Amino acid sequence: MSSAYLWVKAFHIVFVASWFAGLFYLPRIFVNLAMVQPDSHAERERLLLMGRKLYRFSSLLMVLAIALGLVLWLGFGVGRGPGNAWLHIKLVLVIGVIGYHHACRSLLRGFEQLANRRSHRWYRVFNEVSVLLFTAIVVLAVVKP
């Protein structure tokens, strides 16, 4: 293993974990937004500001995590060759995470437009999807079943 490979892998892990931290917290903001009283404009605006900033920062982290993942895959050949079905499953899950990330933006827009129709309970369940995806991706990357 080359030194460059290890550096890319280390930063890929850092950016993936950081991206997911945003995906873990953004739906928690949605839970709070769904519970805001209609007359509490200041609280709503504060939560929306937090959501917007977190989404933008998480988007940057997503781009860096994906870029470094592509370097590992295409540049260093990680997952190439026979017996690497784990990588194909992982890539499908990563596409799912990207979709989840964009779904968060859509939900945030709904709150911005006062068009949310979901309960705080729904957002609590929605929040768990990112945990399940993260767990599955880490298991696939580490265990390589």
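Below, each value reflects all heavy atoms present in this structure, side chains not excepted, and no hydrogens, waters or symmetry copies. These numbers were taken from a predicted model, which means no experiment stands behind them.
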For Leu48 and Ile29, what are the C-alpha separation, side-chain angles and deciding distance, and is it a side-chain contact (heavy atoms from CB on, under 4.5 Å)? CA-CA 8 Å; Leu48 283 173; Ile29 293 173; over 6 Å; no
Apply side-chain contact (heavy atoms from CB on, under 4.5 Å) to residues Leu140 and Leu93 and explain how you reach the verdict. CA-CA 10 Å; Leu140 286 166; Leu93 292 176; 3.6 Å; yes
Verdict with supporting geometry, Tyr5 and Leu72, side-chain contact (heavy atoms from CB on, under 4.5 Å): CA-CA 7 Å; Tyr5 167 77; Leu72 289 170; 3.6 Å; yes
Between [X] and [Y], what is the shortest heavy-atom contact and its length?
X      : Y      : answer
Pro145 : Trp86  : O-CB, 3.9 Å
Phe76  : Ser2   : CE2-OG, 3.8 Å
Phe30  : Phe111 : O-CZ, 3.6 Å
Cys104 : Pro27  : SG-CG, 4.4 Å
Val8   : Leu68  : CG1-O, 3.8 Å

Check whether any side-chain N or O of Lys144 sits under 3.5 Å from a backbone N or O of Ala141 as a donor-acceptor pair, and report yes or no. yes
Donor-acceptor contact below 3.5 Å, side chain His120 vs main chain Ala34: no
State, without any angle test, whether His101 and Ser58 hold a side-chain donor-acceptor pair at a distance under 3.5 Å. no
Under 3.5 Å, is there a donor on one side chain and an acceptor on the other for Glu43 and Ser40? yes
Is Arg44 salt-bridged to Glu112, cutoff N-O under 4.0 Å? no
Does some side-chain heavy atom of [Y] sit less than 4.5 Å from a side-chain heavy atom of [X]?
X      : Y     : answer
Ile98  : Ile66 : yes
Val97  : Phe20 : yes
Tyr123 : Leu33 : no
Asn127 : Val31 : no
Phe15  : Met62 : no

Does one hydrophobic cluster hold both Ile95 and Leu87, with members joined at side-chain heavy-atom distances below 4.5 Å? no
Consider only side-chain heavy atoms of I, L, V, M, F, W and Y, link residues closer than 4.5 Å, and tell whether Trp19 and Val139 are in one cluster. no
What do the steps show when you test Leu49 against Glu45 for side-chain contact (heavy atoms from CB on, under 4.5 Å), and what is the final call? CA-CA 6 Å; Leu49 179 64; Glu45 287 305 315; over 6 Å; no
Can you tell me if CH2 on Trp73 sees more than 12 non-hydrogen neighbours from other groups inside 6.0 Å? no
